[in-house]
Amino acid sequence: MSPDIRDEAVEMWFGPQHVSAHGWAAKLTVVGDFIVECDPHAGYFHRSAEKVLEFRTFKQGPLVLERMCMLEAFLAEYPYISAVEQIAGVEVPERAKVLRTIMMEASRIHSLQFWWGQFSAELGLFAMTLWPWVDREFFLDTFEELTGSRHAVSFSTPGGVRYDFNEKVLKKLDRALQRLEQHLPKFKDMLLRSPTFRMRTKGIALFSYEDALRWGLSGPNIKACGVPMDLRKDWPDLNLAYDLVDWEVPVVDNPDHPGQSDAYDRMVQRFLEVETSINIIRQLLPQIPEGPIVDPKARAKTNRLPAGEAYGRVEGTRGVTTVWLKTTEKAQTPYRAKIRGPCFASYYSLKHLVPGSTFADFIVVFGSLDPYPGWWDR
Amino acid sequence: MAPPTTPSEVAAELMRRHPGVEAHKIEGQTAELTVPAGMIRDVVKSVDELLPHALPESMFGVDLQDDRYQLIYYFWSHDIRVLVQLRVELEGEEPEIDSVCDIFPGLEWHERETHEMFGIGFRGHPDLRPLLLPDELVGKYPLRKSFQPDRRRLAESGLPQPRPRRQEANKE
Amino acid sequence: MGMIRVLGDIFRVLKHIVRQTFSRPFTYFYPFEDREYPERTRGRHIHIRENCTACGQCVRACPVVAIRIDKSDRKYEKDAALYFDYTRCIFCGLCVEACRFNALFHTPVVDLSEPSREALHYDPERIETLEREPLEWRGRRFR
Ligand code: SF4
Ligand code: SF4
């Protein structure tokens, strides 16, 4: 920034009371209509989860994790459970593995549906906000039927899962999937072929694969650049059942800018993600084996863990979600737990992505990364 | 020489380039290395060269009590599917280490968070303002074990109080 | 011709209006009727004192210290009185899972609104009884 531009620059806040800024605020330096500097501020949502985890037993820990992101609660609690199971060295029953995988994918669909709605609302396309949210209700009903709670599900537990599928749950899940399958082409038409949407998103927030990796972005933001980076394939997990399914990592490769992605590509990518998740659930539903859902011996083993360290990783809706856990001998609580939320990097990368865009596009840049404040403030 | 493709090859190459780096554990897709504090910048630069398309996944501190700290860096490469963990031992009341956020900009905020939570200084970091904490906790380093959280509510449960037991960090 | 088309339009509009007026609304008249809650709904608890053995496992399992146990308050042979604090409870279900004597359950009663905070501290009498039958009270449909 040359000094004479600085003279004209105006500093202004976006958030925290802006409608789109739910729990965050960014200080923007604006010259005319263009943003020259962006300083995202975190901490409005800070609940000191890492300190809280040090005082919670291994059964209570997942409750804290799922509150990091209510939209993907089934996914958010999993890395912690994975770390605990690695330290205890337990394997969960086959049925629990399949149920976990199904619900994690359902939760991914639910989270993405919420994001379509939120992103469209930020662009002013309100029909696309409400329609996916109606379908989302059906998933919430499934979660409620299964666990008894719509958002704070606390479904997985070290050693298995807490609630079993029954006829009613299967029926509701099937209904939710059917409805989504029926409506998905319509949503795609509504959004991807809408001239407003194309004009607002094409070419906005363009970044390359190499840059994005350096900022720490992962998940759909990277996959939209044409790179199939997905922990579901790369990091085989003993206690999940992705190996029972025949599936491909969805990627968008836009011929206009190979190796790069803009906001439009990321929207297309998130439609593909939902299709993949539906595919995985549809393949897993007939394969649910009979048997117990929780291994009582394994569960008892996690009351007190041996000393050790473990790194639980899972591909969340928004990217790589990990929990690092250190325990001491015979401890009931972790010595240190570190949560790595995928949106920590998304929010940080605004600093690099936003300068140069116009003020009106700021929210498009932000929304296209699918950030959720709970993940960066923890 | 062909670029390394397995965790053990990555670890061997890093140890060859930087005497002083030690392999802690190599298992599955993970290579865990211990790095002396002074060499962190060189080692991270080598990681950047050796791992194709490295993702700076995470970076955090661990308080081992008695003024000893650990910093742990995680790098993940999708191309060769290797996870590299670097571990740095630090000592002192407010220890300092070189910042690596110009090599991997994604670690900038991780370092900022570690600074406010543990009081570890990062030399050469452009901006060490507090990130998450409210004003009244700045400088108290809440993730240190010596920080006393509010335990009043536990007394209300009617159960006998657990005697505060000091967790020994380094008894492996 | 135009006349007929206009009449047709008016007819279509009228049909729509009539249908909207007489069909059931999608929303519920909340205080008078309510949706159906699934069996597993984690609502407020009910404590069955006959089965309780005062083991205190529920108190230990609770992550937010929402339960207080008073072991000296005996009604039956070896039971205890439980005080629930619903300003804290997060309805996780760990206490119900921890109770191995079938003495603590969730009910599908989820509307706990009260005029004051103090009213949300349930004393043993209140946690033992349900003010109403959870599933039947609100079955009445308007329209
Ligand atoms: S439901 Fe959970 S938070 Fe509520 S009293 Fe039981 S254990 Fe405590
Ligand atoms: S309610 Fe159940 S867990 Fe709680 S004290 Fe009574 S028997 Fe024990």
Side-chain angles (χ1 to χ4, degrees), chain A residues 47 49 52-67 70 73 77 80 130 133-134 137-138 140-173 293-294 296 299-300 302-303 332-333, chain C residues 23-28 30 33-47 55-69 84-102 104-113 130 134-135 138:
Chain A
R47 291 159 288 177
V52 169
L53 276 176
E54 285 175 17
F55 297 94
R56 296 287 174 273
T57 63
F58 297 109
K59 273 181 207 158
Q60 296 167 352
L63 299 170
V64 181
L65 259 292
E66 82 187 5
R67 277 159 180 78
M70 285 295 209
E77 67 189 2
Y80 183 86
L130 298 176
W133 286 7
V134 174
E137 283 300 309
F138 287 81
L140 287 177
D141 281 353
T142 314
F143 299 166
E144 194 185 15
E145 186 70 50
L146 175 63
T147 67
S149 182
R150 279 156 65 86
H151 279 112
V153 290
S154 52
F155 176 64
S156 303
T157 182
V161 295
R162 281 174 65 191
Y163 301 97
D164 201 354
F165 272 31
N166 55 23
E167 281 307 308
K168 268 190 182 163
V169 177
L170 284 174
K171 222 172 86 194
K172 283 202 171 171
L173 183 57
I293 52 165
V294 60
R299 197 160 147 72
T302 56
N303 282 344
Q332 281 177 305
T333 55
Chain C
S23 67
R24 271 203 73 247
F26 277 102
T27 45
Y28 296 95
Y30 169 61
E33 61 172 26
D34 203 349
R35 62 189 278 255
E36 246 179 66
Y37 290 98
E39 237 173 276
R40 288 176 184 164
T41 302
R42 302 200 293 246
R44 61 152 282 198
H45 303 77
I46 182 152
H47 182 209
C55 64
Q57 284 305 324
C58 47
V59 186
R60 267 183 211 108
C62 182
V64 290
V65 204
I67 316 177
R68 186 157 69 82
I69 188 166
F84 274 71
D85 178 354
Y86 282 110
T87 54
R88 284 180 193 172
C89 178
I90 55 173
F91 301 102
C92 61
L94 286 185
C95 52
V96 175
E97 212 178 75
C99 181
R100 285 183 285 117
F101 302 98
N102 290 338
L104 194 61
F105 294 101
H106 281 296
T107 59
V109 177
V110 294
D111 38 356
L112 303 176
S113 321
L130 280 177
L135 285 177
R138 280 176 178 164

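Treat the numbers as computed from the prediction; the structure is a model and nothing was measured. First the proteins, then the strands, lettered A, B, ... as listed; each starts at 1.
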Quick one: donor-acceptor pairs under 3.5 angstrom, chain C versus chain A?
residue	atom	partner	partner atom	Å
C:Arg35	NH1	A:Glu144	OE2	3.4
C:Arg35	NH2	A:Glu144	OE1	2.5
C:Arg40	NH1	A:Leu146	O	2.6
C:Arg40	NH1	A:Asp164	O	3.0
C:Arg40	NH2	A:Asp164	O	2.8
C:Arg42	N	A:Gly148	O	3.0
C:Arg42	NH1	A:Thr147	O	3.1
C:Arg42	NH1	A:Val153	O	3.3
C:Arg42	NH1	A:Tyr163	OH	2.9
C:Arg42	NH2	A:Ala152	O	2.7
C:Arg42	NH2	A:Val153	O	3.3
C:Arg42	NH2	A:Ser154	OG	3.3
C:Ala61	O	A:Gln60	NE2	2.6
C:Pro63	O	A:Arg56	NE	3.1
C:Pro63	O	A:Arg56	NH2	3.3
C:Cys92	O	A:Arg162	NH1	3.4
C:Cys92	O	A:Arg162	NH2	2.9
C:Gly93	O	A:Arg162	NH2	3.4
C:Glu97	OE1	A:Arg299	NH2	2.5
C:Glu97	OE2	A:Arg162	NE	2.6

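The part of A:Val153 that comes within reach of chain C is its backbone (N, CA, C, O), which places non-hydrogen atoms under 4.5 angstrom from that chain.
Taking 4.5 Å as the limit, some side-chain heavy atom of A:Leu63 sits within range of a side-chain heavy atom of C:Leu94.
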